Enquirer: 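Mind looking over this structure? Questions follow.
Both counts, for ligands and for their atoms, begin at 1 and track the order of listing. Everything quoted here is computed from the prediction, not taken from an experiment.
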Amino acid sequence: MNFETLEFKREGNIGILTINRPKALNALNAQVIQDLKSFLTQVKSEKGLRALILTGSGEKAFVAGADIKEMESISAADAKQFSENGQIVFQEIEDLPIPTIAAVNGFALGGGLELAMACDFIVATKTAKLGLPEVSLGLIPGYGGTQRLARYCGKGVARMMTLTGDVFTADQCAIWGLVTMVTDPTELIPTCLKLAASISKRSPLGVALAKKSINQGYDLDQTAGMSLEAKLFAEVFASADKKEGVAAFLEKRAPNFND
Ligand code: DAK
């Protein structure tokens, strides 16, 4: 895979995608969004990929937001389209059947935090700073931030972070449930790889359907959520993964799940 603003590499069955615009602190310009879109199309045909880590290049930033320089040239009429394009890409990330981990290695601001929140887990370094500063620019979050942050942390914290536009430490964000793990900077990628490796030993279909059940069920009432869970349970129950997982347990061996 070859992109202007992204680098993709594999460590066995785990992919690492790096947003690579270090001079602009990896800010999301239209090219990054376009490259993410192409990446998402191509990654679906990667064989044997069990988890994806997203990070930013350099030591300073995960992603310092949407590209402010580019924003000057966007008209209000184009802004809706611009927002919807980004929202579609971020939704596709959220809907990937494999687990995704945002490895936040510095500033995750505005669109950068919105990108991290589209992932399943946010692992951040002790020195990382997270925030939604859009209101300082006379904007509001446009890539799902107002929706996903409230779902992560509740409306009180979401209002506090969004309306102040302040930046917060990884430790504070972990207390709020936004960040799942905080690490030393040198331990960030090893920690993410360890988390990804632990998930990648499990049934790929089980992982995909459990993720779907949590994500889709979250917006339903409990009865509808239970019904979704039962439907997905029946789907996994009929699968080769279930047959292999149960057989492996009874034969006292490790399961061998195929894609
Ligand atoms: N966009 C473009 N360039 C950026 C950038 C950004 N978001 N953030 C940093 N850079 C560039 C700087 O301009 C600088 O470039 P040069 O001047 O060297 O050419 C270089 O990266 C290094 O940055 P600094 O020199 O500023 O580095 P510092 O360590 O001093 O400061 C900082 C780091 C992260 C505190 C600071 O760079 C900063 O405040 N950056 C801006 C953070 C921010 O406000 N981000 C934008 C949030 S708003 C939309 C949908 C979504 C959105 C918008 C519209 N539509 C639907 C239309 C989302 C909006 C946002 O994300």
Enquirer: Can you list, by chain and residue number, every protein residue with a non-hydrogen atom closer than 4.0 Å to ligand 1?
Expert: K23, A24, L25, A27, K60, A64, G65, A66, D67, I68, K69, M71, A79, F82, S83, F107, L109, G110, G111, P133, E134, L137, G142, Y143
Enquirer: Check this for me: does any side-chain nitrogen of one of E4 and R21 sit under 4.0 Å from a carboxylate oxygen of the other?
Expert: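 Not counted as a salt bridge, because no side-chain N and carboxylate O are separated by less than 4.0 Å.
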Enquirer: Test your reading of the model: is there a side-chain donor-acceptor pair from N20 to the backbone of L6, 3.5 Å cut-off?
Expert: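 No; zero donor-acceptor contacts below 3.5 Å.
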Enquirer: Under the rule for side chain to side chain contact (heavy atoms under 4.5 Å, CB included), what residues qualify as partners of F8, not counting sequence neighbours?
Expert: M1, R10, L17, F39, E46, L49, L52
Enquirer: Decide yes or no on side-chain contact (heavy atoms from CB on, under 4.5 Å) for Q216 and L232, but give the supporting numbers first.
Expert: CA-CA 11 Å; Q216 290 189 2; L232 296 172; 5.8 Å; no
Enquirer: So which of N26, L25, T55 actually passes side chain to side chain contact (heavy atoms under 4.5 Å, CB included) with V63?
Expert: N26
Enquirer: On a heavy-atom basis, which atom in R50 and which in S200 lie closest, and how many Å separate them?
Expert: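 In this case the closest contact between R50 and S200 is NH1-O, 3.0 Å.
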